[in-house]
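Down below is the structure, laid out as structure tokens.
In this text, all values refer to a predicted model and were calculated from it rather than measured experimentally. Residue numbers start from 1 in every chain, and the chains themselves are labelled A, B, ... in the order their sequence lines are given, proteins ahead of strands.
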Protein chains: 2
Amino acid sequence: MKKLRPYSQVIDFLRGSGLRPTRQRLALAKLLFDGDHRHVTAEILHAEALEAGVPVSLATVYNALHQFNKAGLLREIVVEVGRSYFDTNNSYHHHIFNEDSRELTDIEAGQINLTGLPEIAEGQKVSRVDVILRVKNNN
Amino acid sequence: MKKLRPYSQVIDFLRGSGLRPTRQRLALAKLLFDGDHRHVTAEILHAEALEAGVPVSLATVYNALHQFNKAGLLREIVVEVGRSYFDTNNSYHHHIFNEDSRELTDIEAGQINLTGLPEIAEGQKVSRVDVILRVKNNN
DNA sequence: GTGTTTGCAAAGTGTTTGCAATTTA
DNA sequence: TAAATTGCAAACACTTTGCAAACAC
């Protein structure tokens, strides 16, 4: 999902998810996926897009993020009320959340050993397992 | 935390947490802690209080829930944007969250084996570890 | 051309706040 | 009586929606 440099690749990347490569989606995809994994909020991404000279409305950023999420290109993470984080690392992994700085950090899945999860009820399927290590600063 | 029947016990219970036993807090504490563990939202608790004939404002319900949370009488759980759950089970345990019904269910801590959590950075302390098993209904 | 996507502004949701009136100790 | 608590209404932060205009194919 990294190194999407040439625009043609970003276009194919979006097309592969059934999304029309519009100017806005192209710019947002580049910001999100062209480089290291990131944890962004809609507001942050919106600000970055404007800064990069791509006029996008906040509503469109939300639309795009949800479309990317639905397409499996990223993951929505909820750790506090009233704020969604979008994680461009869509492989299985977990998080540290600093409740003071409100910062999210990845924990590699392989590092954690998690067993003994209960059987889920008939007619249900596991959508995801999240481990969130919540930390605070010592005063 | 259960079977608080006599009001005198609820009063002591609140006093023990440094909270004045006001009519509203007494009623809310009874609804929350007198019986089985519960997962409630502020709105649900508010509705229940009104139904029980105790006129409380929603703002006061929020105040009380946060005070109870701060006092360690319950735990706030965030699993989706824009909605807080308050869990009257304040012992260490985890959750199943049904993304369709938006229902929370407890997983006993002893049932899960979780090791390999990373060291946290200098100057930080663990506030909590949450495991959330997200499930969906099959269609 | 047809269907999709955008952007704006407005509405929505759950939560928090300010402050005067009330209640508790 | 002094300090804490309540309730209202207004403010808040973030997100979603409706719909006409713009765009992709």
Side-chain angles (χ1 to χ4, degrees), chain A residues 7-8 10-29 31 39-50 53-71 73-74 76-86 99 102 104, chain B residues 7-8 10-29 31 39-50 53-71 73-74 76-86 99 102 104:
Chain A
Y7 258 89
S8 61
V10 188
I11 290 174
D12 293 346
F13 173 73
L14 288 175
R15 280 236 177 75
S17 297
L19 297 169
R20 280 191 183 174
T22 63
R23 179 167 29 266
Q24 292 83 347
R25 291 210 272 237
L26 278 170
L28 296 175
L31 285 168
H39 300 109
V40 296
T41 62
E43 301 235 0
I44 289 172
L45 185 59
H46 183 224
E48 288 183 359
L50 297 187
V54 185
V56 192
S57 75
L58 187 53
T60 297
V61 173
Y62 274 107
N63 284 341
L65 284 171
H66 288 141
Q67 290 153 353
F68 292 174
N69 183 48
K70 197 171 174 188
L73 304 177
L74 45 70
E76 187 173 1
I77 313 277
V78 181
V79 282
E80 51 179 349
V81 264
R83 181 184 264 78
S84 264
Y85 291 83
F86 295 87
E99 297 177 340
R102 301 171 136 194
L104 272 178
Chain B
Y7 259 88
S8 61
V10 189
I11 290 173
D12 293 347
F13 174 73
L14 288 175
R15 280 234 177 76
S17 297
L19 297 169
R20 281 191 182 174
T22 64
R23 179 167 26 265
Q24 293 82 345
R25 291 210 274 236
L26 279 169
L28 296 175
L31 285 168
H39 300 108
V40 296
T41 63
E43 301 235 3
I44 289 172
L45 185 58
H46 184 224
E48 288 183 359
L50 298 187
V54 184
V56 193
S57 75
L58 187 54
T60 297
V61 172
Y62 274 107
N63 283 342
L65 284 171
H66 287 141
Q67 289 152 355
F68 292 173
N69 182 49
K70 198 171 174 188
L73 304 177
L74 46 70
E76 186 174 1
I77 313 276
V78 181
V79 283
E80 51 178 349
V81 264
R83 181 183 266 79
S84 264
Y85 291 83
F86 294 87
E99 296 176 340
R102 299 171 137 195
L104 273 177

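- The separation between B/L58 atom CG and C/dT15 atom C1' is 8 Å, rounded to whole Å.
- Looking at which nucleotide of DNA chain C each of B/E76 and A/G18 is closest to, the 5′-most match is held by A/G18.
- Checking C/dC8, C/dT24, C/dT16 against the side-chain heavy atoms of B/R23 singles out C/dT24 as nearest.
- B/Y62 has its OH atom 18 Å from the C1' atom of C/dG18, to the nearest Å.
- The side chain of B/R83 lies closest to C/dG14, out of D/dT16, D/dC25, C/dG14.
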Dot-bracket pairing map - DNA chain D, Watson-Crick plus G-U, both contacts under 3.5 Å, | cross-strand:
||||||||||||||.||||||||||

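- Counting only heavy atoms from C-beta on, B/R20 has its side chain closest to C/dT24 among C/dT24, D/dC8, D/dT17.
- Across the protein-nucleic acid pair, A/R25 atom CZ and C/dT5 atom C1' stand 6 Å apart, rounded to whole Å.
- Between D/dT16 and A/H66, a contact under 4.0 Å exists linking OP1 or OP2 to a side-chain N or O.
- Looking at every heavy atom in both residues, B/V78 comes nearest to A/E80 through CG1-C, 3.6 Å.
- A/L73 CG to A/F86 CZ: the interatomic distance, rounded to the nearest 0.5 Å, is 12.5 Å.
- Note: B/L31 CG to B/I44 CD1 = 12.0 Å, rounded to the nearest 0.5 Å.
- Spacing between atom CZ of A/R15 and atom P of D/dA24 amounts to 11 Å, rounded to whole angstrom units.
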Could you please spell out the steps behind the side chain to side chain contact (heavy atoms under 4.5 Å, CB included) verdict for B/E76 and B/H66?
CA-CA 8 Å; B/E76 186 174 1; B/H66 287 141; 4.1 Å; yes

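- Taken from CZ in A/F68 to CZ in A/R25, the straight-line distance is 7.0 Å, to the nearest 0.5 Å.
- Nearest-nucleotide assignment on DNA chain D puts the 5′-proximal partner with B/Q24, out of B/Q24 and B/V81.
- The OG1 atom of B/T60 sits 9.0 Å away from the CD atom of B/Q67 when rounded to the nearest 0.5 Å.
- Checking C/dT15, C/dG14, C/dT6 against the side-chain heavy atoms of A/T22 singles out C/dT6 as nearest.
- Comparing atom distances between the A/E43 side chain and each of C/dT5, D/dC14, D/dG7 picks out D/dC14 as nearest.
- If you check every strand for non-hydrogen atoms under 4.0 Å, A/T41 touches nothing.
- Going from atom CG of B/L65 over to atom C1' of D/dT5 covers 15 Å, rounded to whole Å.
- One can place CG of A/L45 at 15 Å from P of D/dC14, the figure rounded to the nearest angstrom.
- Rounded to the nearest 0.5 Å, atoms CG (B/L45) and CG (B/L28) are 5.0 Å apart.
- The B/A59 side chain lies nearest to C/dT17 when the options are C/dT17, C/dT15, C/dC8.
- The NZ atom of A/K70 sits 13 Å away from the P atom of D/dT16 (whole-angstrom rounding).
- A/T60 has no side-chain polar atom (N or O) that falls below the 4.0 Å cut-off from OP1 or OP2 of C/dT6.
- In this structure, A/E80 places its CD atom 19 Å from P of D/dC12, rounding to the nearest Å.
- Taking A/R20 as the reference, nothing meets the salt bridge (Lys or Arg N to Asp or Glu O under 4.0 Å) condition, with sequence neighbours excluded.
- In this structure, B/H46 reaches neither bases nor backbone, as no heavy-atom distance under 4.0 Å exists between it and the strands shown.
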